Amino acid sequence: MSTALAHALNAALRDSMEADDKVLLIGEDIGELGGVFRVTDGLAKDFGEDRVVTSPLGEAGIVGSAIGLAMAGYRPVCEIQFDGFVFPAMNQIITQLAKYRHRSEGAVSLPVVIRIPVGGGIGAIEHHSESPEAYFAHTPGLRVLCPSSAQDAYDLLGQAIGCNDPVIFLEPKRSYWAKGDVDTTATPLPIDQARVVRPGADLTLVTYGALVPTAVKAAAAAAEEGRSIEVIDLRSLSPIDDATIVASVERTGRLIVAHEASQTAGLGSEIAARVQDQAFYSLEAPIIRVTGYDTPYPASRLEHDWLPSLDRILDAVDRSFTY
Amino acid sequence: MTVETHQTEPWSVLDTSGHLRPDERVPSGDSALDLRRAYRDMVLARRVDAEAIALQRQGELGLWPSMLGQEGAQVGAGSALRPQDVVFPTYREHAVAWCFGVDPVQLLGLFRGTTMGGWDPRERNFNLYTLVIGAQTLHGVGYAMGIVRDGDVGTGDPERDRAVLVFLGDGALSEGETNEAFVWAAAQQLPVVFFCQNNQWAISAPFSVQSRIPAAERARGFGFPGVRVDGNDVIACHAATQEALATARAGGGPTLIEAVTYRRNPHTTSDDDLRYRSGSENDEWEGRDPIDRLRLLLTGDDAPERLDDDFLAELAQEEQALAERLRTGCRALPVPSPEDPFLHTLEQMPADLARQRDEHLAFVAAGEGDHA
Ligand SMILES: Cc1ncc(C[n+]2csc(CCOP(=O)(O)OP(=O)(O)O)c2C)c(N)n1
């Protein structure tokens, strides 16, 4: 059945809430409105306001109280309205949520999921197009997930809710209405495993979120020039599935990492470091990062040029093959 | 325990039928509100808002947060300012910007996606719009600390003494940063006035999600006065703001003003408000329209100043000209250059960023403009 990514998320929330009455949702405007992206549409009506909590306007409050709820045995799923508005909650996320298991020597786990729509390309004003994943990936004690398809959205969100670790769940907002088949009965990939979305032999292209479809198009375009590109959808940005990436690079000898987030100290840097460490002798070319630039996210009239595009990826492919 | 929910009526002097109740708190003489001017400001600011909505519908703006219905609060507050005062707005203070002399065309750039700001905040002491709820409340506090250290408070010199006017919505009352701002302002008795437009809704969240008591009553807990005023009564809003600003400039410390009003349009042009509120609520508030009220007063028998036919004809013309200027001005807003995002990140561009910029510009120049 073909389903929009946002609807797959809705289905995952619904199924998790039906399966476990400790699951509850908390966030701004998630009740009657269904959230600004309608991901929680209809859930307040069906599960009531005790389980779908329209919070006061405060992100520290959302995450901080979710931590308390988790301590009391609940499994809260927070919604942060936009990527740029998670920062008031950063203190709770970094100093409390990420560390509590460690501090309690494993006695207390905090099964909190924080859903955040991320990324640009929707013509929005400032703070509505950010890619903050590296802040979270840099923080020990958090899982960071980012689905790119409706199927993974459904699977990963269900797994995130079922998981006893805190999970930052990044939703690529410009893919919300992209449709894909969803089988809710199939066994999902493990939560921290990357997915090879298109096999290939000559170059490995690692990306995640909204850039996955772009990467697949780039691979198709490169195929016309006789270059076989393997596209890997990272899915779990922390921990990173080194094994899948390294195994691929050992076969292809070339690696490009693409993400929307700015370049310096981003996921691309981390993956490049791991691959040169673990597959140094397999590399036939330098690892190339195709990323957002090290600037604030630009005014929307410029975003299409600024964002990593099909052309920029193909350009990097060309460069890789000059070695 | 049940919380006593106070239903204290907000302070009002101009009722919906345009009747003005004499009240000693309304300033007279030189400091009185120029009623014809306030009328003109509200009408023209409303026109800015309406044109911006039309421009959004035509695809010229990505988004617009309408202030329809809040003109009384904003013009009341905005006309109480002196040029040396400083404003920290949210993203909805279009009528305050108007009163403070910001060119309304400049308000459009942020929403057209041509700029990240739109105006030089130092030119008119009107800071950039702040989209992150509550963040600007602390900036207002810090600015007020600067004013104190500059000695520009309590001198008695009307040209010198300054105050800060911070705007916030009812939703913003819940952010931690707002509450920190209240604590700081109180502890240091800072020359800052917090003007909260309680427009009843924070997107889909009604005021009751944020507070069980009127916003103005919170101020007492922080240690400064709170005033609850009818936000659709421009005369009362002006009087309350003028008094609070005068106190602040004189060194008397902060005030929280809660202007009770209503956001008559959806949260922004992207919002669908009928999912969470009824149209009848809107009708009710339309009956309390701030502009209608003042027109009734100024065309009635006891009009203190009169909106004569000449004034109204001239205003209609002004409105047309303004609308035209917005339409052409919006389309003429400078298209940003691909280099712009790279500028002004640090004072001196790091070498690696310069390299990224050059690569980007070469790429754009090569015209590989086909995007996935
Ligand atoms: C920190 C932060 N969280 C969430 C948002 C998303 N958001 C934008 S406006 C808004 C509601 C604001 O309500 P209020 O403060 O009452 O002001 P109003 O929009 O009614 O003028 C929300 C939740 C935001 N901009 N900033």
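Reminder, nothing fancy here: chain letters follow the sequence lines and each chain counts from 1. Keep in mind the model is a prediction, meaning the values are calculated, not measured.
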Can you tell which part of [X] gets under 4.5 Å to a heavy atom of chain A, answering side chain, backbone, both or neither?
X      : answer
B:T345 : side chain
B:D271 : side chain
B:S337 : backbone
B:R355 : side chain
B:A172 : backbone
B:I133 : side chain
B:R112 : both
B:D170 : neither

Would you say that more than 12 heavy atoms from the other residues, nucleotides or ligands in this model lie under 6.0 Å from the [atom1] of [X], or not?
X      : atom1 : answer
A:E49  : CD    : no
B:D120 : CG    : yes
B:W201 : CH2   : yes
A:F321 : CZ    : yes

Considering non-hydrogen atoms only, spot the tightest contact between [X] and [Y] and give its length.
X      : Y      : answer
A:R301 : B:P336 : CB-CG, 4.1 Å
B:L110 : A:I125 : O-CG2, 3.1 Å
B:G113 : A:A299 : O-CB, 3.2 Å
A:D294 : B:L353 : O-CD1, 3.5 Å
B:G171 : A:L57  : O-CB, 3.3 Å
B:S174 : A:P56  : OG-CB, 3.6 Å

### Task
Using a 4.5 Å cut-off on heavy atoms from C-beta on, say whether the side chain of B:D272 contacts that of A:R38.
yes
#### Entry: Validation row: A:P88, B:E175 side chains within 4.5 angstrom (heavy atoms)
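Touching, per the 4.5 Å side-chain cut-off.
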### Task
Specify which of B:A205, B:G176, B:S204 makes the most heavy-atom pairs with chain A at under 4.5 Å.
B:S204
### Query
Do you know which of B:H344, B:Q210, B:H360, B:R357 has the most heavy-atom pairs with chain A at a distance under 4.5 angstrom?
B:H360
### Query
Under a 4.0 Å N-O cut-off, is there an ion pair linking A:D41 with B:R275?
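A salt bridge links A:D41 with B:R275.
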So, taking the atom named [atom1] in [X] and the one named [atom2] in [Y], what distance separates them when rounded to the nearest 0.5 Å?
X      : Y      : atom1 : atom2 : answer
A:D311 : B:F363 : CG    : CZ    : 5.0 Å
B:H267 : A:L33  : NE2   : CG    : 10.0 Å
B:M116 : A:T295 : CE    : OG1   : 9.0 Å
A:L302 : B:E339 : CG    : CD    : 11.5 Å

Please state whether the side chain, the backbone, both or neither of [X] comes within less than 4.5 Å of a heavy atom of chain B.
X      : value
A:Q81  : side chain
A:Y293 : both
A:F82  : neither

### Query
With no hydrogens and no angle check, is any side-chain donor or acceptor of A:E126 less than 3.5 Å from a backbone partner on B:L131?
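No, A:E126 side chain to B:L131 backbone: no donor-acceptor pair under 3.5 Å.
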### Message
Just so I understand: if I count every heavy-atom pair under 4.5 Å between each of A:H127, A:R312, A:E28 and chain B, which residue has the most?
### Response
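Option with the greatest count: A:R312.
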